[in-house]
2 protein chains.
Amino acid sequence: MGQGSSCETNIRKNQIYVTDCIFLFRKSSFPLRNSCTKMPEDREATIYDIAKYLNVSAATVSRGLKNNPMISKNTRKKIVEAAKTLGYQSNTFASSLRSRHTHTLGVLVPRLNSHFMSSALAGMENAANRHGYNLIIAQSLEDVEKEKRNAATMFNKRVDGLLISLSSNAQDINHLEPFFKRKIPVVFFDRVFPHEESTSVGINNHEAAYNITKHLIGQGCKRIMHLGGNLLRNVYQERLNGYKKALQDHHLSFSKKLYLSSTLSEQAGTDAARYILDLAPGERPDAVFSANDTAAVYCMLALKAAGLRIPEDIAFAGFNNDPISRVIEPNLTTMDYSGNSIGDTAATNLINHLKGISNLYTTDAITLRAEMVIRASSLKKLPE
Amino acid sequence: MGQGSSCETNIRKNQIYVTDCIFLFRKSSFPLRNSCTKMPEDREATIYDIAKYLNVSAATVSRGLKNNPMISKNTRKKIVEAAKTLGYQSNTFASSLRSRHTHTLGVLVPRLNSHFMSSALAGMENAANRHGYNLIIAQSLEDVEKEKRNAATMFNKRVDGLLISLSSNAQDINHLEPFFKRKIPVVFFDRVFPHEESTSVGINNHEAAYNITKHLIGQGCKRIMHLGGNLLRNVYQERLNGYKKALQDHHLSFSKKLYLSSTLSEQAGTDAARYILDLAPGERPDAVFSANDTAAVYCMLALKAAGLRIPEDIAFAGFNNDPISRVIEPNLTTMDYSGNSIGDTAATNLINHLKGISNLYTTDAITLRAEMVIRASSLKKLPE
DNA sequence: GATATTTACGCAACCGATTGCGAAAATAAT
DNA sequence: ATTATTTTCGCAATCGGTTGCGTAAATATC
């Protein structure tokens with residue numbers, strides 16, 4: 001309120017112009033800007049109000065509010081107090097417009113509603129909140145085109161930095177070029193992409209997959225199947241590689257028959273079970289290492305329904321430590337890594353870079369710890 | 001770039017002021033504003049660039065870009081083309097500062113990482129995206145104080161509207177007063193709060209709980225326990241009431257011994273199992289209706305471990321249709337309602353209100369459909 | 001006490017888009 | 001051809017905070 005445009009704020013769309021509320025206009029800028037004629041309750045307090053209240057300049061108020069040393073301790077205190085009594089709230093647009101940063105981070109994820117991702121978001125939100133930053137979140141739904149549009153929106157909204165986990169079918173990151181050109185820092189998390197001007201936060205997928213495969217081998221499994229995801233994404237490529245390497249190191253050969261690539265959805269898990277059951281008995285795997293828990297669990301459910309015993313007939317290991325891994329019976333051996341930490345780390349590093357505390361451009365990748373959680377689904381031998 | 005402040009953009013924090021880059025300053029406003037001296041690649045195109053490019057005024061460009069009928073079809077087309085060739089992107093701050101709306105919705109949730117909530121967010125994100133709106137998301141972690149701070153931040157960021165699901169221990173909604181005062185529409189979803197100036201989106205919890213309890217009774221259960229949540233939240237209060245009403249209507253009496261209030265966490269589920277096992281055999285419930293799936297599932301797991309059979313010894317029903325309800329064995333009977341739809345509906349209605357298409361102030365509540373999903377955990381009798 | 005520094009603050013030009021109003025140009029009416 | 005309308009557009013003032021630079025006041029130095 002306090003100026004004309006408010007008369008039609010909510011109906012401004014589509015050429016509806018209301019012009020009969022001139023009585024509200026501020027006739028000239030300066031005189032009226034400082035003479036808050038009426039309805040002081042109806043307009044947000046500005047630094048000009050504070051300035052007038054204290055008989056100082058708006059510049060002083062602006063500086064005082066952000067602890068600029070140019071302002072004496074005394075006036076600074078008075079300004080802060082006045083701001084409080086007047087209920088002053090900084091207008092972020094004006095600030096962003098002039099200062100060119102928004103204290104907002106863009107977050108681009110494939111989907112919001114997975115346990116890992118929502119944990120990562122929670123971690124980011126926490127870190128951002130801690131440092132006075134906000135998050136704008138969008139999901140690509142595993143669709144590159146939507147990812148591109150979202151990236152454009154983020155860029156357009158002038159986010160100070162971008163946190164992104166790629167959609168499964170993104171071939172390249174050309175859609176992030178505008179960010180690189182403008183030197184807007186980009187941090188990849190989980191599903192990363194090598195790029196010399198941005199940083200990645202994730203885990204050592206190769207090692208994790210290697211260890212989990214090795215664990216299965218250690219349990220006496222000889223024919224270990226792998227359920228993998230889209231190899232365009234590093235996480236799935238590396239897990240496959242780690243799996244292969246473990247086989248190789250233990251003199252087991254990789255067989256195409258024992259590798260399925262899918263979306264790792266519930267349906268994919270069920271389909272994998274069907275595939276296994278359709279194999280000749282001698283060709284069936286004696287273990288399955290799935291690149292996520294969802295596929296593993298739904299595969300287990302279907303195999304159990306078909307009468308197979310887990311882990312006696314077929315051992316299982318997943319990835320993610322999703323809540324369902326602790327509900328399925330037997331509980332699923334899996335790889336635990338905290339979405340929360342990944343989100344927190346990614347956001348914190350990004351913010352520190354923005355604040356000038358650290359320099360991300362010299363950091364290529366941050367690898368967080370992942371821990372194998374051994375549960376009954378893979379325990380054919382009793383642990384000593 | 002193109003003006004002095006950029007020299008210290010990333011290190012502006014904490015009194016670091018760099019002053020030796022005067023060569024970049026724009027000496028006077030108008031002459032230089034239109035004479036893009038150098039590095040045209042380094043500065044975002046503005047309406048002034050387009051104006052100069054076409055020899056029209058910035059005002060005309062501004063109007064042309066938003067299809068103001070005041071501008072002739074011809075110039076309008078030229079403006080749009082020029083905008084495209086110059087790679088123009090509207091500066092949302094300048095726009096928001098002047099026009100006083102942000103095309104941004106604030107979303108305040110208790111936690112991001114639950115299945116229901118992340119689905120709701122996904123639904124909102126979709127709806128918002130569809131209408132050119134963005135989401136700023138924050139979580140209260142079930143802490144009123146954080147909820148208050150977040151609300152203040154949202155308000156401060158001048159969101160056009162607020163979508164909120166209350167933290168479990170919020171006693172009132174005084175912290176939303178600033179929104180009401182400024183006529184910023186607030187939509188509650190799931191965990192709602194009665195308020196004459198805002199709308200609620202959710203399901204009929206009373207009816208749902210009534211039906212699910214009635215279903216258990218229909219299965220022959222006589223001693224039905226209820227695991228409930230914090231009664232400050234309508235969802236839990238209503239579920240309790242629906243449960244009680246169903247008991248009453250079927251001549252079963254409510255017993256305090258068969259009602260536990262908790263956070264409905266995994267631990268709470270396990271604790272409930274302990275509680276049940278500690279009851280004298282004659283006092284044990286023959287069914288449990290939990291206000292969420294998590295508590296139900298962890299209670300089931302513990303009871304199964306103790307040797308109880310489900311549903312023979314004790315039937316189970318949950319609420320939410322969380323993924324874990326389809327993994328637990330036997331599968332959990334539950335109440336299915338789409339977080340996605342709730343999010344979508346809440347956001348869509350809010351946006352329609354903002355656009356003037358509908359008026360939310362006349363809408364008190366929007367109730368979405370919820371559907372009972374009967375699974376093995378409650379089936380003591382064979383369905384006909 | 002006079003001059004050199006330092007400190008503290010104000011002026012005014014920004015940032016880029018929006019918009020009320022006046023006015024020129026194009027078209028219609030007389 | 002002249003006047004009345006309608007179209008189309010430009011001027012300039014915002015929105016509110018930020019910031020380079022100039023300067024008065026306070027303090028220090030000689």
Side-chain angles (χ1 to χ4, degrees), chain A residues 2-8 12 17-22 24-30 32-33 43-51 54-66 68-76 79 88-101 158, chain B residues 2-8 12 17-22 24-30 32-33 43-51 54-66 68-76 79 88-101 158:
Chain A
Q3 96 298 352
S5 57
S6 64
C7 291
E8 32 77 46
R12 196 187 52 88
Y17 292 91
V18 176
T19 54
D20 53 353
C21 41
I22 311 173
L24 275 176
F25 297 159
R26 294 185 180 177
K27 297 312 187 311
S28 70
S29 79
F30 237 60
L32 253 179
R33 163 171 270 185
R43 200 174 55 84
E44 287 291 331
T46 71
I47 53 169
Y48 295 94
D49 297 323
I50 300 179
L54 295 176
N55 274 318
V56 295
S57 76
T60 301
V61 175
S62 174
R63 294 186 174 109
L65 286 174
K66 44 180 44 188
N68 186 311
M70 192 190 274
I71 306 302
S72 77
K73 229 177 170 81
N74 187 31
T75 27
R76 217 186 302 173
I79 289 172
Y88 170 78
Q89 298 278 96
S90 161
N91 184 319
T92 54
F93 306 129
S95 172
S96 295
L97 175 59
R98 184 62 221 260
S99 66
R100 294 181 166 291
H101 40 59
R158 311 290 206 280
Chain B
Q3 95 297 352
S5 58
S6 65
C7 293
E8 33 77 43
R12 194 186 54 86
Y17 292 92
V18 176
T19 54
D20 53 352
C21 42
I22 312 174
L24 274 175
F25 297 161
R26 294 185 180 177
K27 299 308 186 316
S28 72
S29 80
F30 235 61
L32 252 179
R33 163 172 271 186
R43 200 173 55 85
E44 288 289 331
T46 71
I47 54 169
Y48 295 96
D49 298 323
I50 300 180
L54 295 176
N55 273 320
V56 295
S57 76
T60 302
V61 175
S62 174
R63 292 185 174 111
L65 286 173
K66 43 181 43 187
N68 186 311
M70 192 191 275
I71 306 300
S72 77
K73 230 179 172 80
N74 187 31
T75 30
R76 217 187 303 174
I79 288 172
Y88 170 79
Q89 298 277 98
S90 163
N91 184 317
T92 53
F93 306 129
S95 173
S96 294
L97 174 59
R98 185 61 222 259
S99 66
R100 294 179 167 290
H101 39 59
R158 310 292 206 276

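Nucleic acid contact for A:Ile47: base, since at least one base atom lies under 4.0 Å from a heavy atom of the residue. If you check every strand for non-hydrogen atoms under 4.0 Å, B:Thr75 touches sugar and phosphate atoms only. Among the heavy atoms of the strands lying under 4.0 Å from A:Ser62 is at least one base atom, whether or not backbone atoms are also near.
The distance from atom CZ of B:Arg63 to atom P of C:dG20 is 8 Å, rounded to the nearest whole Å. The nearest whole Å value for the distance from the CG atom in A:Leu97 to the C1' atom in D:dT18 is 10 Å. Rounded to whole Å, atom C1' of C:dT18 lies 7 Å from atom NZ of B:Lys66. When the P atom of D:dC11 is taken as reference, atom CG of B:Asn55 falls 11 Å away, rounded to whole Å. As a whole-Å value, the separation of B:Leu65 CG from C:dG16 P is 15 Å. Spacing between atom CE of A:Met70 and atom C1' of C:dT5 amounts to 16 Å, rounded to whole angstrom units. At whole-Å resolution of the value, CZ in A:Arg100 and P in C:dA17 are 10 Å apart. In this entry the distance linking CG of B:Leu54 with P of D:dG10 reads 10 Å, nearest Å.
Neither side chain, A:Thr92 nor A:Ser95, offers a donor N or O lying under 3.5 Å from an acceptor on the other.
Each of A:Lys73 and A:Ala59 lies near DNA chain C, and the nucleotide nearest A:Lys73 is the one positioned closer to the 5' end. Checking B:Phe93 against B:Thr60, the closest nucleotide of DNA chain C that is more toward the 5' end is the one next to B:Phe93. Between B:Val61 and B:Arg158, the one whose closest nucleotide on DNA chain D sits nearer the 5' end is B:Val61.
Counting only heavy atoms from C-beta outward, the side chains of A:Arg100 and A:Arg158 never approach each other to under 4.5 Å. Contact check for A:Thr46 versus A:Asn91: no side-chain heavy atoms found under the 4.5 Å cut-off.
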Below 3.5 Å between N/O atoms, which protein atoms pair up with nucleotides 23-28 of chain C? Just atom names and distances, please.
none

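Atom OG1 of residue A:Thr60 and atom CE of residue A:Met70 lie 9.0 Å apart, to the nearest 0.5 angstrom.
At C:dA17, one or more side-chain N or O atoms of B:Tyr88 fall inside 4.0 Å of OP1 or OP2 (strictly under the cut-off). Close to D:dG17, at under 4.0 Å from its OP1 or OP2, lies no side-chain N or O of A:Ser99. Contact annotation: B:Ser57 side-chain N/O to D:dC11 OP1/OP2 distance is not under 4.0 Å.
Between the B:Arg63 side chain and the B:Ile71 main chain, no donor and acceptor come within less than 3.5 Å of each other. The closest donor-acceptor contact from the side chain of A:Ser96 to the backbone of B:Phe93 lies at 3.5 Å or more, if one exists at all.
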Worksheet entry | Residues A:Leu65, A:Tyr88; criterion side chain to side chain contact (heavy atoms under 4.5 Å, CB included); working and verdict | CA-CA 11 Å; A:Leu65 286 174; A:Tyr88 170 78; 3.5 Å; yes

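The base of D:dG16 does not come close enough to the side chain of B:Arg98 for any donor and acceptor atom to sit less than 3.5 Å apart.
Nearest heavy atoms, A:Ala94 versus B:Leu97: CB-CD1, 3.8 Å.
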